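What follows is a set of notes on a single structure, which appears directly below.
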Amino acid sequence: VSVTDELGRSVDGGTVTVVLPNGTSVSADVEDGVATVVVPVNPGDNPVTVSYSGDDNNKPSSEDVVVSAPKHNTTTSVKVVDVTPNNATVRVNVTDELGRPVVSGTVTVVLPNGTKINANVKNGVATVTVPLDTGVNNLVVKYNGNKDYNPSNATAKVNVPKHDTGLDIDVDSTPDNATITVSVTD
């Protein structure tokens, strides 16, 4: 915050206080016409009140301003945690640029056939079970973002095994031939 008098000269002395939307205030002393105040803000527009206390030569002043903060960037990662014939379970982790878990939002898992399955993110994690065909399946996982976080995505390759099979064999024989009936089960 730059503090000047009515003639544009730097003011040396006094205190600048910033009052946040939740009523919390942060202050810093003015030196050579400048006070640096670091305040926590949420992504989006944050209305604050900036006040100068005044000093022996200068009157107090105050102004309402809006501090605009960008959304957090995110990173999405996906890990396959279980695979069985016909489906897989994936764990999706979403963190912000500082490695902190993203507290909310949704992820969309896009299957090879284009089907989309949504799941909620809670404390940086979403677990999703998806139906898949046997063989290698490529998944696209998207964190959709929200008012505080930018979207991000990741991919996963899932190899779904073939079904195990069993044979149920029934033999009916006579002196001249045999009838073998086989049932194949998975």
Side-chain angles (χ1 to χ4, degrees), residues 1-55 58-81 88-112 114-130 138-156:
V1 177
S2 295
V3 182
T4 58
D5 65 16
E6 62 192 20
L7 300 175
R9 297 177 298 201
S10 293
V11 171
D12 192 26
T15 302
V16 168
T17 301
V18 178
V19 179
L20 303 172
N22 66 3
T24 303
S25 63
V26 181
S27 298
D29 292 332
V30 177
E31 294 180 23
D32 296 324
V34 176
T36 301
V37 182
V38 178
V39 295
V41 293
N42 294 318
D45 291 340
N46 298 270
V48 299
T49 300
V50 179
S51 300
Y52 170 62
S53 64
D55 64 12
N58 300 288
K59 294 179 182 178
S61 61
S62 180
E63 188 174 331
D64 292 331
V65 297
V66 174
V67 177
S68 295
K71 291 182 180 185
H72 294 282
N73 289 322
T74 62
T75 300
T76 298
S77 62
V78 59
K79 180 178 180 182
V80 179
V81 293
T89 301
V90 295
R91 182 179 312 122
V92 181
N93 290 296
V94 185
T95 56
D96 70 12
E97 67 273 0
L98 299 176
R100 300 174 298 202
V102 168
V103 296
S104 65
T106 59
V107 294
T108 301
V109 179
V110 183
L111 306 182
T115 300
K116 296 177 181 178
I117 298 174
N118 293 320
N120 291 322
V121 174
K122 186 173 182 179
N123 297 320
V125 177
T127 302
V128 186
T129 299
V130 294
N138 293 309
L139 303 178
V140 175
V141 180
K142 300 177 180 182
Y143 172 67
N144 299 310
N146 62 23
K147 69 179 183 64
D148 295 327
Y149 299 99
N150 286 317
S152 58
N153 59 48
T155 59

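If you're wondering where the values come from, they're calculated on a predicted model, not measured in any experiment.
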Holding to side-chain contact (heavy atoms from CB on, under 4.5 Å), I want the full list of residues that pass it with [X], two or more places apart in sequence or in another chain.
| X | answer |
| --- | --- |
| V66 | D45, S68 |
| T129 | N87, T89 |
| P60 | none |
| V125 | R91, N93, T127 |

Given side chains that start at C-beta, do those of [X] and [Y] come closer than 4.5 Å, heavy atoms only?
| X | Y | answer |
| --- | --- | --- |
| H72 | P43 | yes |
| Y149 | V94 | no |
| V121 | V92 | no |
| V38 | V26 | no |
| V39 | L20 | yes |
| V78 | T155 | no |
| V140 | K142 | yes |

Donor-acceptor under 3.5 Å (N46 side chain, V67 main chain):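 Checking the backbone N and O of V67 against the side chain of N46, a donor-acceptor pair under 3.5 Å is found.
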List in chain and number order the residues that pass side chain to side chain donor-acceptor pair (under 3.5 Å) with [X], two or more places apart in sequence or in another chain; answer none if no residue qualifies.
| X | value |
| --- | --- |
| N73 | N150 |
| S61 | none |
| N22 | T24 |
| T49 | D64 |

Pairwise distance CG(D148) to CG(N42) - rounded to 0.5 angstrom: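 Answer for the CG-CG pair, D148 versus N42, is 6.5 Å.
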Cut-off 3.5 Å, no hydrogens considered: what does the side-chain donor-acceptor table look like for residues 98-110, sequence neighbours left out?
unit_1	atom_1	unit_2	atom_2	d
R100	NE	D96	OD2	2.7
R100	NH2	D96	OD2	2.8
S104	OG	N146	ND2	3.4
T106	OG1	N144	ND2	2.9
T108	OG1	N118	OD1	2.5
T108	OG1	N144	ND2	3.0

Which atom pair, heavy atoms only, marks the closest approach of [X] to [Y]?
| X | Y | result |
| --- | --- | --- |
| A28 | A35 | O-CB, 4.0 Å |
| P21 | P47 | CG-O, 3.2 Å |
| A69 | V41 | CB-CG2, 3.7 Å |
| A154 | T76 | CB-O, 3.3 Å |

Listed once per pair and sorted, the salt bridge (charged side-chain N to carboxylate O under 4.0 Å, His left out) pairs that draw on residues 12-32, sequence neighbours left out: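 Found none.
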Heavy-atom neighbours of K71 NZ exceed 12 at 6.0 Å: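 Atom NZ in K71 is packed in, count exceeds 12.
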ring-ring contact (aromatic ring centres under 6.0 Å, His included) partners of Y143, counting only residues at least two apart: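 Expected list: none.
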